[in-house]
Amino acid sequence: MIKNKKVIILSQANPDGIILKQRLNANGIDLNRNFPAANRQNSKEYSLKALSEPEARAINKIIKKYKPRMIVSLHQPSGQKPGWIDYDGPAEKPAERMAAACDLPIYKYGTMPGSLGSYASQKLKIPIITFEQPREPNTDAQILWQKYGNAILTAVNYERQPQNSEHTR
């Protein structure tokens, strides 16, 4: 159950890639390397300029407008089984809880150059979890929700604990 929460869902961050069945958009750019992170690398595949692609600009605009307390990015099915849960920034605890709510392990992949994870965690200071979906023989949404829905709800309902303050006497 989600109570007193605002959840923003961007259902398809790379519609070109979905249609073309590839990671890159129609311009041949890897959108998850197109953000203005400190570790960004300009290249033909990542673009010569951060936020050059309309999809990356749209994601950035949504983040700036709604100022999320946490981002959960659902990635296309990975080529590896069984999939995993990765995190950047102060998102270890919610990532652990998500992993406990499903059958996926935590795998700390690390920040990639110009990725949304690098940008959100390092530049914007927003905790981010990347849910690398496993390849499933059956991609029916209802079956996937039965397997992984509790993990998503766990992230949505996660409340960061306030920092302990030291009291002086």
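Each residue takes its place number in the sequence, starting with 1.
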Establish, from distance only, whether the side-chain atoms of [X] and [Y] form a donor-acceptor pair under 3.5 Å.
X: Glu55; Y: Asn14; value: no
X: Asn42; Y: Ser47; value: no
X: Asn32; Y: Ser115; value: no
X: Asp88; Y: Tyr109; value: no

Heavy-atom closest contact ([X] atom, [Y] atom, distance):
X: Asn39; Y: Ser118; result: ND2-OG, 3.2 Å
X: Ala95; Y: Ile129; result: N-CD1, 3.7 Å
X: Asn34; Y: Glu53; result: OD1-N, 3.2 Å
X: Ser121; Y: Gly89; result: CB-N, 3.5 Å
X: Leu104; Y: Glu132; result: CD1-O, 4.1 Å
X: Ala155; Y: Met70; result: O-CE, 3.1 Å

Connected via hydrophobic side-chain network under 4.5 Å: [X] and [Y]:
X: Leu51; Y: Leu24; answer: no
X: Leu116; Y: Ile18; answer: no
X: Phe35; Y: Tyr46; answer: no
X: Leu31; Y: Met112; answer: no
X: Met98; Y: Ile9; answer: yes

Task: Neighbour count >12 (heavy atoms, 6.0 Å) for atom NZ, Lys65 - done: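 12 or below, so no.
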Open item on the list: Take a 6.0 Å sphere around CD of Gln142 and say whether it holds more than 12 heavy atoms from other residues, nucleotides or ligands.
Closed with: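 No, the 6.0 Å shell around CD holds no more than 12 heavy atoms from other groups.
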Task: N/O donor-acceptor pair under 3.5 Å between Gln22 side chain and Gly17 backbone - done: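 No, because the side chain of Gln22 does not come within donor-acceptor range (under 3.5 Å) of the backbone of Gly17.
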Spacing of [atom1] belonging to [X] relative to [atom2] belonging to [Y], to within rounding of 0.5 Å:
X: Ile63; Y: Leu124; atom1: CD1; atom2: CG; value: 6.5 Å
X: Phe131; Y: Tyr148; atom1: CZ; atom2: OH; value: 6.0 Å
X: Trp84; Y: Tyr107; atom1: CH2; atom2: OH; value: 7.0 Å
X: Gln133; Y: Ile85; atom1: CD; atom2: CD1; value: 11.0 Å

Task: Tyr66 six-ring centre to Lys6 NZ/CZ under 6.0 Å and within 45° of normal - done: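 No, a cation-pi geometry is absent between Lys6 and Tyr66.
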Open item on the list: side chain to side chain contact (heavy atoms under 4.5 Å, CB included), that's the test. Do Arg40 and Lys123 meet it? Break it down for me.
Closed with: CA-CA 11 Å; Arg40 181 176 155 65; Lys123 192 166 186 178; over 6 Å; no
By salt bridge (charged side-chain N to carboxylate O under 4.0 Å, His left out), which residues pair with [X], not counting sequence neighbours?
X: Lys49; answer: none
X: Asp16; answer: none
X: Lys93; answer: Glu96

- [ ] Evaluate the side-chain proximity of Glu45 to Ile29: yes if any heavy-atom separation is below 4.5 Å, no if none is.
- [x]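 The answer is no, as the side chains (C-beta and beyond) never meet within the 4.5 Å cut-off.
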Open item on the list: So Ile62 and Ile8, do their side chains get closer than 4.5 Å, heavy atoms only?
Closed with: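 They are in contact (side-chain heavy atoms under 4.5 Å apart), so the answer is yes.
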